[in-house]
Amino acid sequence: MKIFKFFVSKIFLRKVIPSISVILLICMSNYITYIAARTVISTFQGYQETRGLNQEGNFIANLDPNSVADFGAIEAKGTQKVYDYLNSHFDYAFYVDGFMVSIPNSYDMEISLCYMNESYYAANQFELLQGTDLMFDFPLGEDKEIPVLIGKGLSETYPVGSLINIDDPALNQAITLKVQGVLKGNEYHSNFYALNSKSYYIFSIFVPVNEEFINHANLGLQVNGLMDIVVLQTTEEKILDLSEVIQDTLGLKFNFFSQQDNYEYFNEYYFHSLKIVAVVSLILLLMITCLSVWNALVSIRLMLKDLTINLLVGLSYSKLRKIFYSYFGIVFLINLVIVFSFTAMNRYGCWLRKDATFSTYGLFGLIGMDWLALLFVVVSDIVIGIIVVEIMLRKIKKVPISLGVLQ
């Protein structure tokens, strides 16, 4: 322990500015590695979620960014005409999220209503913690109960079988929802065009919709439903006809892309971002290595007499290697704790801000994706540690100890 304290105080921390700079660079390297790893994992999850839609003949709607959309001019009879055309010619997956309602719950969170039809629900294969799957064959009416699924965060207040009375913003009327099942843990929805972007369903209610429901819904649900509608098992010729019907009826120019097209669009900027991260990480590694080696060599030359005495009384280069690894192990552990704490605070901050979209359950607040990213950081630190320590030892061995004996 005495020799370890000597090296820490007289070698590694002798020059304050270089020592702090190395620690800060390691912290930056760890954080960049963590963010990059978590993004890669989140992207992989996005690919896994959307693979059910990535089939030949499936096309996803996307409002043309270069078109001028006058939503104020859209009328209900126009959207109804489009849905009549859809129902007559296509099978489609319908999904709308983001209609917020306030209902009593244990966490005082606003609740997001997610409307989806049977085709969308079947394509995503949501996992249930308890209860049964959604039913889509149900009648509408003030005295009727609509079967729904809820997120895990609502299950304490509304167990399976509970009734929830709300003023539905899509139907503009009071309805009764019956809890049929509870979603498993941190179920999520990935963006079709940004696969690493997620919204979580912990405080969501899945409302099943069928043709009758859409026909009775207000203009907001019908228009939003068209924005990301997925037309299933059709041809490019038919999808062009649908695009013309929407443009002629609603004045909205829609492009329809396959999910593979969306993948290619995403990968175009995603891989470019990863290359930048890789270059920055390599630069940080070089800076950490050069600064660590320079700092150690300068300090050792200043303390060469003390180092020589220690070598003469039994300190070997193998023990020196252990001391170096121990020091960098402590530095890496401190930085890992910093990254862990920052992530935990961000996750906990979503609960404090009542941000239902990004609130999640997890050990110490971290979910599986976070823990895997931290594991990547540990592996990265091991690699950095080996490179830095071995180069330092190689340089130190070249320092002529005879100078220390003369001193």
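Heads up: numbering here begins at 1 and tracks the sequence.
Sorted by first and then second residue, the pairs that involve residues 367-378 and meet side-chain hydrogen bond (donor to acceptor under 3.5 Å, both in side chains), not counting sequence neighbours, are Y34-D370, R38-D370, R347-D370. For residues 200-209, the side-chain hydrogen bond (donor to acceptor under 3.5 Å, both in side chains) pairs, not counting sequence neighbours, are Y95-Y201.
For V379, there are no side-chain contact (heavy atoms from CB on, under 4.5 Å) partners, not counting sequence neighbours. Residues passing the ring-ring contact (aromatic ring centres under 6.0 Å, His included) test with F266, sequence neighbours excluded: Y269, Y270. Listed by chain and number, the residues in a salt bridge (charged side-chain N to carboxylate O under 4.0 Å, His left out) with E127 are K184 (sequence neighbours excluded).
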Quick one: side chains of residues 69-78, donor-acceptor pairs under 3.5 Å with protein atoms, not counting sequence neighbours, listed by atom name and distance.
residue	atom	partner	partner atom	Å
D70	OD1	G72	N	3.4

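Taking the ring centroids of Y265 and F257, they lie at or beyond the 6.0 Å cut-off.
Each of F126, Y115, Y120 was scored for a ring-ring contact (aromatic ring centres under 6.0 Å, His included) with F206, with one residue passing: F126. When each of W351, Y158, Y361, F358 is tested with F203 by the rule ring-ring contact (aromatic ring centres under 6.0 Å, His included), just one qualifies, namely W351.
The backbone N or O of K238 sits less than 3.5 Å from a side-chain atom of T235, completing a donor-acceptor pair. A donor-acceptor pair is defined here as one N or O able to donate and one able to accept, closer than 3.5 Å; no such pair exists between the side chain of D168 and the backbone of A174. The backbone N or O of Y83 sits less than 3.5 Å from a side-chain atom of N87, completing a donor-acceptor pair.
Between T357 and M100, every side-chain heavy-atom pair lies at or beyond the 4.5 Å cut-off.
More than 12 heavy atoms of other residues, nucleotides or ligands sit less than 6.0 Å from atom CZ of F340.
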